[in-house]
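Let me begin by presenting the structure, written as structure tokens, before commenting on it.
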Amino acid sequence: MPGRLHHLQNPLPGKTVEFLINGRKVAGREGDSLLTAILTNHKAVRQSEFGDGLRAGFCFMGACQDCWVELSDGSKVRACTTLLEEGTHVSLPELKL
Amino acid sequence: MRAAETLVKAGLRPVVLDEGFKAGGQIYRQPPVPDGREPEDLYGSEAEKACALHETFERIRPNIDYRPRTLVWNVIGDSVDYYDESADVAGRLQASHLILATGATDRTLPLPGWTLPGVYSLGGAQISLKAHHSLIGQEVVFVGTGPLLYLVSLQYAKAGADVKAVVETASWSNQLRHASGLAHLPSAAVRGVGFMLSLRRMGVPIYRGAHAIRFEGESDCGLTAVSFESGGRSHRLSCIAAAMGFGVRSEWQLAELAGAQLSWSDIQQQWVPDLTDHVRASVDGLYLAGDGAGVCGADAAEVRGELAGFALLQDLGHSVDASRRQVLEKSLKKQWRARAALDRMYPVPMHLLDELADDTLVCRCEAIAAGEIRHVLVRPGAEDVNRAKAFSRAGMGRCQGRMCALNVQAIVERAKEQGPQAIGWQRTQPPIKPVPMAAMADAYVPDPEGTRE
Ligand SMILES: Cc1cc2nc3c(=O)[nH]c(=O)nc-3n(C[C@H](O)[C@H](O)[C@H](O)COP(=O)(O)OP(=O)(O)OC[C@H]3O[C@@H](n4cnc5c(N)ncnc54)[C@H](O)[C@@H]3O)c2cc1C
Ligand code: FES
């Protein structure tokens, strides 16, 4: 599934970092925040708890708190201020997009 | 950083707590991992200043106790509560003197559809590009007001994004009417005109005096278009991404917790801490620098940092370089005058809230619509923003009102037909950002003297 964000080509090749979205293996880039890595592969990060639909982050700077995501172990992290790590497994809403 | 440098020069070893991954703050933010982009690619015309600041940091680093990824979440008297994200531990420091330079975040407005996936804050759009070299989308509409709007639009256009348009809420006549104020700082005017000309050269349309702005799309799919009115015509631009920002607002939550008095600033359309000597808060030993204490921009933030260092040194009985201080004060005065001109040229378009519909979400965290806030205001006792917050929960969510407090206030003002002084500000509650309960419980020491209540 195509994502929402678009990685630009870096002058340095950079390392690919593999992680998992709902059990599916996907690729991020070294230096990505977890939010960037998710959104270059997927279109949203969570369902609003209040039934008003999907959210996909907003401020990218740890201010709005709209990007909390669930990891497969049930813990939650703020994706925009978390650096992507190899093997991270996030549980995201399945989308019909 | 300039404050820390000033203290180091005087032989002190300050503790520097920063929630960021790397030194640099907002404008001089560094990518978490070097990706081969040059300072000119990252910071454009400000590259030299960025390098100078980063070099200063490297130079003083051995002489400061630097703690990155460390959030300060409360200040009580001289106790500073922090949470170190890398180690997942919380703790408390005692500080005889405290300099807060907490910066600013985007000023947002509750426009219809602003919570849709694909709508980002303007600063967020820039961080995506600067820190992670990625676009929020390949087709982007930029909505808002002020210099940062043009700067980020241009950065996106240069990076190869299809910038569909810049949608500016300030009218052209208003911008021209107040532009003479920039005579105090011609370089700012030149930069601003440069942004607009470059955008025009790249074929990016600029719509001015925009209103009736809506982000269109489905909540289970995301943004599909931005519609608005400008120049007497309706426009609708299809896009999958939009960025919006109406200037920035000061992050003074810690200052407030530390006891700083706030006052309403008509020109900034926000609450700002009271300052004497440019940097002293209303509490002894508390100094406020940078955009966190009223927005004056990046160059001024460096000056204010150095002045905060000087004030602190003076209070410790050190002698400070009086002529240097005079130079700084003069430069700062000029910058405040230029900032006032910018604030007049690009006012926060609070009038857009006059047409705010009952079903538009105001609080993103708790998904509270304007109508729900208006509804609680008829209850007895709902006289100020804090009651409105308690009754409606708007501003009680995870972001602690960062995104909505000023907008909730505006709704209360309109409903009660009273000004900011009567309505008040949403008081800050610690922790100012979410901190894991376990870490907080380990570190928590009740305030022995009860100084906060
Ligand atoms: C997203 C964004 C992008 C911007 N881009 C530009 C630009 O391109 N050009 C321009 O001229 N101006 C820009 N501005 C305005 C510019 O940021 C400021 O004028 C300038 O950065 C102010 O410097 P400062 O030191 O006051 O704050 P900042 O540079 O914001 O630094 C504040 C620092 O405090 C830290 N901090 C804040 N709260 C806490 C806490 N509770 N605990 C620990 N650490 C904390 C932050 O991590 C940060 O490092 C931008 C503003 C924003 C919000
Ligand atoms: S996107 Fe705003 S906190 Fe992460």
Side-chain angles (χ1 to χ4, degrees), chain A residues 2-15 17 28-68 75-78 80-84 93-97, chain B residues 19-21 26 29 31-38 41 69 71 85 105-106 108 114-121 123-129 131-138 159-161 218-222 240-241 251 361 364-369 397-400 402-403 433-434 436:
Chain A
R4 190 168 280 293
L5 265 57
H6 176 72
H7 269 144
L8 296 169
Q9 183 83 44
N10 279 334
L12 284 179
K15 274 198 254 124
V17 179
R29 194 160 76 175
E30 193 187 19
D32 276 351
S33 67
L34 184 56
L35 183 62
T36 304
I38 291 172
L39 290 176
T40 44
N41 287 285
H42 204 76
K43 286 219 161 71
V45 299
R46 66 182 186 95
Q47 281 287 354
S48 159
E49 303 89 309
F50 303 94
D52 58 302
L54 293 170
R55 299 285 177 92
F58 183 62
C59 74
F60 285 77
M61 53 181 279
C64 76
Q65 316 301 324
D66 216 350
C67 67
W68 284 80
S75 62
K76 292 200 165 149
V77 295
R78 188 173 56 206
C80 71
T81 55
T82 303
L83 272 187
L84 174 65
E94 287 294 354
L95 311 176
K96 12 177 203 172
L97 315 174
Chain B
E19 66 173 321
F21 293 114
Q26 287 303 352
R29 180 184 287 268
V33 175
D35 53 25
R37 281 179 292 165
E38 299 294 330
D41 305 329
R69 297 194 64 193
L71 168 78
E85 252 186 273
T105 51
D106 289 285
T108 58
W114 73 300
T115 53
L116 286 172
V119 181
Y120 291 101
S121 80
Q126 192 192 41
I127 292 169
S128 177
L129 184 57
H132 309 295
H133 207 198
S134 44
L135 305 173
I136 56 166
Q138 278 168 310
E218 296 298 327
S219 59
D220 57 355
C221 297
I240 52 155
E251 284 281 312
L361 292 187
R364 299 177 71 86
C365 300
E366 303 274 312
I368 296 174
R398 281 188 290 238
C399 93
Q400 287 266 15
R402 272 186 185 75
M403 298 292 131
K433 284 188 184 179

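Here the structure is a predicted model, which means the values were calculated and not measured. Chain A is the first sequence line, chain B the second, and so forth, proteins listed ahead of strands; every chain is numbered from 1.
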> Rounded to the nearest 0.5 Å, how far apart are OH of Tyr120(B) and SG of Cys64(A)?
Replying inline: 10.0 Å
>> Nearest 0.5 angstrom please: Arg4(A) CZ to Ile240(B) CD1, how far?
In response: 7.0 Å
> Roughly how far, to the nearest 0.5 Å, is CG of Asn10(A) from NE2 of His133(B)?
Replying inline: 6.0 Å
> Which distance, rounded to the nearest 0.5 Å, do you find between the CD1 of Ile136(B) and the OG1 of Thr36(A)?
Replying inline: 11.5 Å
>> Looking at every heavy atom in both Phe50(A) and Cys365(B), which two are closest together, and how far apart are they?
In response: CE1-O, 3.1 Å
> Do Ser48(A) and Thr115(B) pass the side chain to side chain contact (heavy atoms under 4.5 Å, CB included) test, and can you show the C-alpha distance, the side-chain angles, and the key distance before you say yes or no?
Replying inline: CA-CA 10 Å; Ser48(A) 159; Thr115(B) 53; over 6 Å; no
> Hey, what do you get for CG (Leu84(A)) to NE2 (His132(B)), rounding to the nearest 0.5 Å?
Replying inline: 10.5 Å
>> Please report the interatomic distance SG(Cys80(A)) to CD1(Ile127(B)), rounded to the nearest 0.5 Å.
In response: 8.0 Å
> Given that the side chain runs from C-beta out, which part of Leu35(A) has a heavy atom under 4.5 Å from chain B: side chain, backbone, both or neither?
Replying inline: neither
> What closest approach, in Å, do Phe60(A) and Ser128(B) show between heavy atoms, and which atom pair accounts for it?
Replying inline: CE2-CB, 4.0 Å
>> Does any backbone or side-chain atom of Asp52(A) lie under 4.5 Å from a heavy atom of chain B? Answer side chain, backbone, both or neither.
In response: both
> What do you reckon, is CD of Glu49(A) surrounded by more than 12 foreign heavy atoms closer than 6.0 Å?
Replying inline: yes
> What is the minimum heavy-atom distance between Phe58(A) and Val119(B), and which atoms define it?
Replying inline: CD1-O, 3.3 Å
>> Given heavy-atom pairs under 4.5 angstrom as the criterion, report whether the side chain, backbone, both or neither of Gln26(B) touches chain A.
In response: side chain
>> Taking every non-hydrogen pair under 4.5 Å, which of Arg402(B), Glu366(B), Met403(B), Arg29(B) racks up the most with chain A?
In response: Glu366(B)
>> Under the rule for side chain to side chain donor-acceptor pair (under 3.5 Å), what residues qualify as partners of Thr108(B), not counting sequence neighbours?
In response: none
>> Taking side chain as everything from C-beta outward and backbone as N, CA, C, O, which of these in Leu135(B) sits under 4.5 Å from a heavy atom of chain A? Side chain, backbone, both or neither.
In response: both
>> Under the rule for side chain to side chain donor-acceptor pair (under 3.5 Å), what residues qualify as partners of Arg78(A), not counting sequence neighbours?
In response: Gln65(A), Thr81(A)
> Under a 4.5 Å heavy-atom cut-off, does chain B meet the side chain of Gln47(A), its backbone, both or neither?
Replying inline: neither
>> Is Ala159(B) in contact with chain A via its backbone, its side chain, both, or neither, using a 4.5 Å heavy-atom distance?
In response: both
> Would you say the side-chain atoms of Lys433(B) pair up with the backbone N or O of Gly62(A), donor to acceptor, closer than 3.5 Å?
Replying inline: yes
>> For Ile368(B), which atoms come within 4.5 Å of any heavy atom of chain A: side chain, backbone, both, or neither?
In response: neither
>> Is Leu129(B) in contact with chain A via its backbone, its side chain, both, or neither, using a 4.5 Å heavy-atom distance?
In response: side chain
> For the candidates Ser121(B), Pro31(B), Pro34(B), Gly36(B), which exhibits the highest count of non-hydrogen atom pairs separated by less than 4.5 Å from chain A?
Replying inline: Ser121(B)
> Most heavy-atom pairs under 4.5 angstrom with chain B, which of Gly57(A), Ala56(A), Gly53(A)?
Replying inline: Ala56(A)
>> I'd like to verify something: which residue of Gly31(A), Gly51(A), Pro13(A) has the highest number of heavy-atom pairs under 4.5 Å with chain B?
In response: Gly31(A)
>> Using a 4.5 angstrom heavy-atom cutoff, name the option from Gly20(B), Ala161(B), Pro32(B), Pro436(B) with the most pairs to chain A.
In response: Pro32(B)
